[in-house]
Trainee: 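Below is a structure I'd like to ask you about.
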Amino acid sequence: MNHNNFDNLSLGSGKVKQISISEKVDQKKIEKILLNNTSFFEKFLKEKRDKYGQEILDSLTKDKKLNFSINKHTELFITKNQKDIIKVIKYIIFRYKFLRSGKDKINLTYPPYLIIEPVSTCNLKCPFCFQTDKSFTRKPYMGIMNFQLFKKIVDEANEIGVGAITLASRGEPTMHKQLAEMLEYAGKKENIFEIKLNTNATLLNKNICHSIFKNNITQVVISADHYIKVNFERLRLNSNFEEVVKNADLLFNTRKKYYPNSLTEIRVSGIDMEKNLNREKFKKFWIQRCDHVTASFPLERWNTYKNEKHPSINDPCENFWDRMYVWFDGKVNPCDADYKSQLSYGNYNEASIKKIWNDKLISKLRNSHLKGDRNKITPCDRCGVTFQ
């Protein structure tokens, strides 16, 4: 595979992905930062031999450019952290490993990315989400993660090389009463470079906002799908548009007033449910209270298991190589499109991240996808996501 042809992939890649609205990625600026510090890169690799890091350095020294394309988030992260060049070097190696593992189906022996679910329930019932499936919003699927379990997961992630975690998944994380403590605990880990929080912003408060910035959370993604009240509340069912805007302003202004040098990026992310969103007006409204605005079309995930099959989509899913989902109860899953965990391949209460990641259950799933048998696995056969 030609590693110079990676797309602008983010954590959460696929054919249906978040698309920046009128944003340009300044790849050359980032390459200049790295090129000005190749001596630090060389010294780092002498102490920490890493073949992926060496591939990056070789490209910088020979071709004067990176051997993969970056996305907007990577540009922002490196720009904001450029005074800590060792952190930047570790980060760019992590990003490259993340991309290579998914694209080339490489098992790094550990997942480079974890999605941890503080809460599986949600206070909204958006029509494009599986929270509208009444067979899901009941036991055993609903629950809250024990804080001790969370700390145990984060401790191991920091030790084994997991470079990024997202607090989110099937539910709304701000419903967890100890979310601020979770952010503080994860924020102290030196080997976890990206910590992302996804939220619908309905329950954001001063305590959570201050915890986000005190602990240098990398990115907060606010899910907001429109700029007009009636459409917003129709798409974000049970929400109050004014409350969400007020809370988004609270987050933005907390950073501006108390943390002017914060490295935290605030992004507003929308689902263009009816495929008629005026994206420029959407951006114009939300960019006043964030750094970056994106939008995507919906995936068929409001009832994955009853979707029509997609016989033409049979390429191997990258999730089996580049990420692990950990539910509130410790159950591990390859994705949240399979929100009822039919493909669960372990439980963190019974084994370590590394052991689960290399277990025969997930190995069998990886091999099935590689052999072209994705269309024989439910719900992979009706997912709709392709990485081609």
Side-chain angles (χ1 to χ4, degrees), residues 1-3 5-20 68-69 71 98-108 111-115 126-133 135-136 166 168-170 198 223 225 269-277 294-325 327 332-345 357 361-388:
M1 178 175 206
N2 183 355
H3 305 306
N5 292 328
F6 283 124
D7 293 329
N8 281 347
L9 299 175
S10 63
L11 292 172
S13 59
K15 187 172 183 178
V16 181
K17 60 177 181 281
Q18 291 292 331
I19 300 171
S20 297
F68 65 101
S69 298
N71 60 13
F98 170 74
L99 294 176
R100 284 287 308 276
S101 63
K103 277 289 183 182
D104 291 352
K105 314 301 180 292
I106 298 169
N107 181 2
L108 299 171
Y113 174 36
L114 283 185
I115 301 92
C126 306
F128 45 80
C129 179
F130 40 70
Q131 290 286 347
T132 59
D133 182 349
S135 67
F136 170 64
T166 290
S169 198
R170 299 177 298 176
N198 290 353
S223 299
D225 308 308
S269 169
I271 298 294
D272 188 357
M273 175 69 179
E274 288 144 355
K275 301 185 179 181
N276 60 3
L277 178 69
T294 61
S296 70
F297 297 121
L299 291 170
E300 299 172 62
R301 50 195 286 147
W302 39 92
N303 194 337
T304 306
Y305 309 98
K306 292 185 179 179
N307 286 348
E308 290 186 13
K309 294 182 180 180
H310 297 281
S312 63
I313 298 176
N314 205 33
D315 57 308
C317 178
E318 294 180 5
N319 288 14
F320 290 113
W321 287 270
D322 68 14
R323 72 198 63 194
M324 173 189 282
Y325 285 73
W327 297 157
V332 165
N333 224 60
C335 69
D336 59 2
D338 175 33
Y339 55 88
K340 289 185 178 177
S341 316
Q342 291 188 9
L343 300 177
S344 177
Y345 54 93
W357 186 249
L361 284 175
I362 188 173
S363 296
K364 184 178 179 181
L365 285 167
R366 289 186 184 120
N367 290 334
S368 294
H369 272 239
L370 288 173
K371 289 192 299 182
D373 289 339
R374 170 175 167 172
N375 55 14
K376 297 178 183 177
I377 303 170
T378 304
C380 299
D381 60 348
R382 60 204 72 201
C383 166
V385 173
T386 180
F387 298 87
Q388 292 179 344

Trainee: With heavy-atom distances below 4.5 Å as the criterion, would you say the side chains of Lys105 and His369 are in contact?
Mentor: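 Side-chain contact under 4.5 Å: no.
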
Trainee: Report yes or no: do Asn319 and Tyr325 form a side-chain donor-acceptor pair below 3.5 Å?
Mentor: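 Judged by distance alone, the side chains do not pair up.
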
Trainee: Would you compute the distance between atom CG of Asp338 and atom CZ of Arg382 and round it to the nearest 0.5 angstrom?
Mentor: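 That separation rounds to 11.0 Å.
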
Trainee: Taking 4.0 angstrom as the limit, do Arg374 and Asp315 come out as a salt bridge?
Mentor: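 Counted as a salt bridge, because a side-chain N and a carboxylate O are separated by less than 4.0 Å.
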
Trainee: Is there side-chain contact between Thr132 and Phe130, with heavy atoms separated by less than 4.5 Å?
Mentor: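 Answer no - side chains too far apart.
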
Trainee: Under a 3.5 Å distance rule, please check whether Lys306 uses its side chain to pair with a backbone N or O of Thr304 as donor and acceptor.
Mentor: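 Pair absent, no side-chain N/O of Lys306 close to backbone of Thr304.
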
Trainee: Which atom pair, heavy atoms only, marks the closest approach of Asp272 to Leu277?
Mentor: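 Closest pair (atom of Asp272, atom of Leu277, distance): OD1-N, 3.2 Å.
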
Trainee: Which heavy atom of Phe320 sits nearest to which heavy atom of Pro334, and what is that distance?
Mentor: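 Where Phe320 meets Pro334 most closely, the heavy atoms are CE2-CB, 3.6 Å.
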
Trainee: To the nearest 0.5 Å, tell me how far Leu99 CG sits from Glu318 CD.
Mentor: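 Separation between the atoms: 8.5 Å.
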
Trainee: Minimum heavy-atom separation for Pro112 and Phe98, please, with both atom names.
Mentor: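 Closest approach of Pro112 to Phe98, heavy atoms only: CG-CD1, 4.1 Å.
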
Trainee: Taking all atoms of both residues into account, what is the closest heavy-atom pair of Ala337 and Tyr305, and its distance?
Mentor: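 Taking every non-hydrogen atom into account, O-OH, 4.2 Å.
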
Trainee: Could you check whether Lys340 and Ser135, counting side-chain N and O atoms only, form a donor-acceptor pair closer than 3.5 Å?
Mentor: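 A donor-acceptor contact under 3.5 Å links the two side chains.
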
Trainee: Would you say the side chains of Ser169 and Trp327 form a donor-acceptor pair under 3.5 Å?
Mentor: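 Looking only at side-chain atoms, Trp327 and Ser169 do not form any donor-acceptor pair under 3.5 Å.
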
Trainee: Rounded to the nearest 0.5 Å, how far does CD1 of Ile313 lie from SG of Cys380?
Mentor: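 Between Cys380 SG and Ile313 CD1, I get 12.0 Å after rounding to 0.5 Å.
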
Trainee: Classify the side-chain pair Tyr345/Ser363 by whether it contains a donor and acceptor separated by less than 3.5 Å.
Mentor: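 Checked: Tyr345/Ser363 side chains show no N/O donor-acceptor pair below 3.5 Å.
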
Trainee: For a quick check under 3.5 Å, do Tyr339 and Asp133 share a side-chain donor-acceptor pair by atom type?
Mentor: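 Yes, a side-chain donor-acceptor pair sits under 3.5 Å.
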
Trainee: Any chance you could measure Asp322, atom CG, to Lys103, atom NZ, to the nearest 0.5 Å?
Mentor: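 If I round to the nearest 0.5 Å, the distance is 10.5 Å.
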
Trainee: Is Cys126 close to Ile271 at the side-chain level, that is, under 4.5 Å between some pair of heavy atoms?
Mentor: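 A side-chain contact is absent here, since even the closest heavy-atom pair is not under 4.5 Å.
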
Trainee: Any donor and acceptor pair, going by atom type alone, linking the side chain of Ser344 with main-chain N or O of Ser341 inside 3.5 Å?
Mentor: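 Side chain of Ser344 to backbone of Ser341, a donor-acceptor pair under 3.5 Å: no, none is there.
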
Trainee: Which atom pair, heavy atoms only, marks the closest approach of Pro379 to Gln342?
Mentor: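 Between these two residues, the closest heavy atoms are CD-OE1, 4.5 Å.
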
Trainee: Judged by atom type as modelled, is there a donor-acceptor pair below 3.5 Å linking the side chain of Asn314 to the main-chain atoms of Gly372?
Mentor: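 Yes: the side chain of Asn314 pairs with the backbone of Gly372.
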
Trainee: Considering only heavy atoms from C-beta outward, does the side chain of Arg100 approach that of Leu108 to under 4.5 Å?
Mentor: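 Side chain of Arg100 against side chain of Leu108, heavy atoms only: no contact under 4.5 Å found.
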
Trainee: Shortest non-hydrogen contact from Ala168 to Asn198?
Mentor: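 Closest pair (atom of Ala168, atom of Asn198, distance): CB-CB, 3.5 Å.
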
Trainee: Could you check if a side-chain atom of Ser368 sits within less than 4.5 angstrom of a side-chain atom of Ile377, using non-hydrogen atoms only?
Mentor: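 In contact.
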
Trainee: Roughly how far, to the nearest 0.5 Å, is the CZ atom of Arg170 from the CG atom of Asp336?
Mentor: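 With rounding to 0.5 Å, CG (Asp336) is 8.5 Å from CZ (Arg170).
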
Trainee: May I ask you to test the Met324-Tyr113 pair for a side-chain heavy-atom distance under 4.5 Å?
Mentor: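 No; the side chains remain at least 4.5 Å from each other.
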
Trainee: So is Arg323 actually on top of Trp357's ring, under 6.0 Å and inside 45° of the axis?
Mentor: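 No, Arg323 and Trp357 do not form such a contact.
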
Trainee: Measure the spacing between OG1 of Thr166 and CG of Leu114 and express it to the nearest 0.5 Å.
Mentor: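 Between Thr166 OG1 and Leu114 CG, I get 9.5 Å after rounding to 0.5 Å.
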
Trainee: Do the side chains of Asp373 and Lys376 get close enough for a salt bridge, i.e. N-O under 4.0 angstrom?
Mentor: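 Answer for the salt bridge query: yes.
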
